[in-house]
Amino acid sequence: MRLSRYFLPVLKETPGEAQIVSHQLMLRAGMIRQTAAGIYAFLPLGLRVLSKIEQIVREEMDRAGALEVLMPTIQSAELWRQSGRYEAYGPEMLRLKDRHDREMLFSPTAEELFTVIFQNGAKSYRDLPRNLYQIQWKFRDETRPRFGLMRGREFLMKDGYSFDMDMAGAQHSYNRMFIAYMRTFARMGLDAIPMRADTGPIGGDLSHEFIVLAPTGESDVFYDEAWLERRDSSDVDASDADALAAYIETLNKDYAATDEKRDLDAEAACGARLQRSKGIEVGQVFFFGDKYTRAMGVSVQGADGTPVHPLMGSYGIGVSRLMGAIIEASHDNGGIIWPDAVAPFSVGLINLRADDPECAAACEGIYAELTAMGVEVLYDDRDERGGAKFATAELIGLPWQLVVGPKGIKAGVVELRRRAGGAREELSVETALARLTP
Ligand code: ATP
Ligand code: MG
């Protein structure tokens with residue numbers, strides 16, 4: 001992509017409306033614009049990041065055996081009356097009427113709809129277990145939308161729902177999602193700690209929130225600092241129910257809880273290792289048994305012929321909130337530092353002298369070659385000073401900057417800079433290209 005033809009409305013000043021760094025940087029880097037309180041437009045650079053986050057979530061859900069569907073955002077009130085949540089949900093639910101005066105709503109979550117849709121394809125125990133998910137916009141009329149994408153009113157969520165015949169199956173489904181979440185957040189460069197949590201309006205018995213530690217987070221959290229040493233969980237065999245359960249048990253052996261689930265005895269046992277912090281909730285998993293299948297009259301035939309209400313779990317990830325959480329975790333004074341996996345482009349190609357024919361020709365060649373190799377390049381071909389180009393490159397935070405200047409080109413070299421850490425190297429064009437291609 002050539003910057004001269006791109007739509008990148010960067011801002012020099014920090015907008016006064018933004019209180020936290022991720023919101024400030026997303027506005028300054030031309031990624032999003034607010035169109036009404038808590039409602040955002042995604043501009044090209046922002047959409048590229050959102051799509052990458054979404055794709056990682058999708059790949060890990062698919063890997064865990066979940067099946068992607070797409071439900072409508074607008075649902076009928078009738079469906080929600082069956083579960084008793086239409087009145088109970090309160091003013092956070094955006095209620096609408098169609099031209100025939102029928103009551104509708106913009107989905108804030110989708111347990112009811114998934115439950116009745118599931119019934120369409122499941123008649124007997126042979127049709128279970130199943131896990132269905134979607135990546136879809138949600139609307140919650142939050143009292144205080146704020147902090148940009150962190151607490152929006154319209155936001156992108158991955159929501160998934162599992163259906164099992166018995167407790168052992170349901171626990172395994174929960175565990176599979178648990179481990180898929182660990183992997184998902186790790187791939188985005190985030191340390192997300194699973195914490196025992198309250199179930200809130202979803203209801204149910206068992207729940208964990210996945211929390212990224214950050215001073216700007218809205219949740220109060222308490223944990224054993226042993227958690228900070230935990231990393232990769234990619235080697236456990238998730239299809240082996242016992243191995244997975246054992247793994248999750250050891251994972252959860254160290255204390256970590258949100259303030260609603262604080263356990264003072266467990267905290268005393270942590271001693272000096274106890275930490276208190278603020279955190280951002282990037283995902284939550286719930287088990288709630290037959291709460292919805294019973295309420296909605298959904299059942300399947302069991303092995304002995306008697307009808308059974310399947311046991312359900314639901315699993316949410318804040319896809320758009322993650323964009324903010326990643327920036328909160330990875331930035332410096334110059335701007336964003338994208339982890340490779342979610343970067344909008346991997347290389348910023350900077351032409352220091354757009355008016356120098358030799359320099360321009362070298363850049364064109366590099367740009368063509370990287371593009372042909374499948375590397376995502378944003379080529380700063382604008383007629384601007386070097387200083388302005390560097391400032392933009394730092395702000396938008398692409399992992400690599402490839403700097404091409406007239407002196408270097410005469411000597412056959414370019415400069416390769418790593419955004420994270422700032423290491424710089426002078427390399428021949430050939431070596432630089434080899435570094436950047438997979
Ligand atoms: P919170 O406690 O932050 O209000 P929640 O517990 O009500 O969130 P869930 O129902 O668990 O939210 O939704 C699943 C995920 O969707 C959350 O873990 C969070 O990452 C994301 N999410 C929830 N509300 C918002 C919002 N207003 N803006 C952006 N993301 C949100
Ligand atoms: Mg939650």
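Atoms within each ligand, like the ligands themselves, are counted from 1 in listed order. Index from 1, following the sequence. These numbers come from the heavy atoms of this one structure, side chains and all, not from hydrogens, waters or symmetry mates.
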For Lys123 and Gln119, which heavy atoms make the closest approach, and how far apart are they? NZ-O, 2.9 Å

Specify which N/O/S atom of Glu281 comes nearest to the Mg ion (ligand 2), by atom name. OE2

For Val282, atoms of ligand 1 separated by under 4.0 Å from a heavy atom: 18 (O), 20 (O)

Among pairs that include at least one residue of residues 323-339, which meet salt bridge (Lys or Arg N to Asp or Glu O under 4.0 Å), considering only residues two or more places apart or in two chains? Asp332-Arg419

Would you sort out whether Arg187 and Glu60 count as a salt bridge (Lys or Arg N to Asp or Glu O under 4.0 Å), showing the intermediate values? CA-CA 10 Å; Arg187 278 183 65 182; Glu60 292 303 323; 2.8 Å; yes

Flag Gln284 as yes when one of its N or O atoms lies below 3.5 Å from any N or O atom of ligand 1, and as no otherwise. yes

Ignoring hydrogens and geometry beyond distance, is a side-chain donor-acceptor pair present between Glu59 and Gln55 at under 3.5 Å? yes

Numbered atoms of ligand 1 (with element) below 4.0 Å of Glu142, judged on heavy atoms: 24 (N), 26 (C), 27 (N)

Phe118 and Phe163: aromatic ring centres closer than 6.0 Å? yes

Walk me through it: do Arg85 and Glu112 pass the test salt bridge (Lys or Arg N to Asp or Glu O under 4.0 Å)? CA-CA 9 Å; Arg85 280 210 293 183; Glu112 286 79 357; 2.8 Å; yes

With the threshold set at under 4.0 angstrom, would you say Thr109 reaches ligand 1 through any of its heavy atoms? no

Got an N/O contact under 3.5 Å between Arg151 and ligand 1? yes

What class does the angle between the rings of Tyr367 and Tyr379 fall in, given that below 30° is parallel, 30 to 60° is tilted and above 60° is perpendicular? tilted

For Leu149, counting its heavy atoms only, list the atoms of ligand 1 lying under 4.0 Å from any of them. 29 (C)

May I ask you to list the atoms of ligand 1 that are less than 4.0 angstrom from any heavy atom of Arg140? 5 (P), 7 (O), 9 (P), 10 (O), 12 (O), 13 (O), 23 (C), 24 (N)

Are Arg196 and Glu260 ion-paired here, with the side-chain N under 4.0 Å from a carboxylate O? no

If you measure only the distance, is there a donor-acceptor pair under 3.5 Å linking the side chains of Tyr40 and Glu154? no

So is there a nitrogen or oxygen of Arg153 less than 3.5 Å from a nitrogen or oxygen in ligand 1? no

So, is Glu209 placed with an N/O/S atom under 2.8 Å from the Mg ion (ligand 2), counting both backbone and side chain? no

Do any N/O atoms on Phe155 end up under 3.5 angstrom from N/O atoms on ligand 1? no

Please classify the Met157 to ligand 1 contact at 4.0 Å (heavy-atom distances, strictly less than): side chain, backbone, both or neither. side chain

Below 4.0 Å from any atom of ligand 1, is there a heavy atom belonging to Met150? yes

Taking the non-hydrogen atoms of Ser320, is any one of them nearer than 4.0 angstrom to ligand 1? no

Quick look: Leu322 vs ligand 1, heavy-atom contacts under 4.0 Å, and the answer is neither

For the pair Phe210 and Phe178, name the ring-plane relationship: parallel under 30°, tilted 30 to 60°, perpendicular over 60°. perpendicular

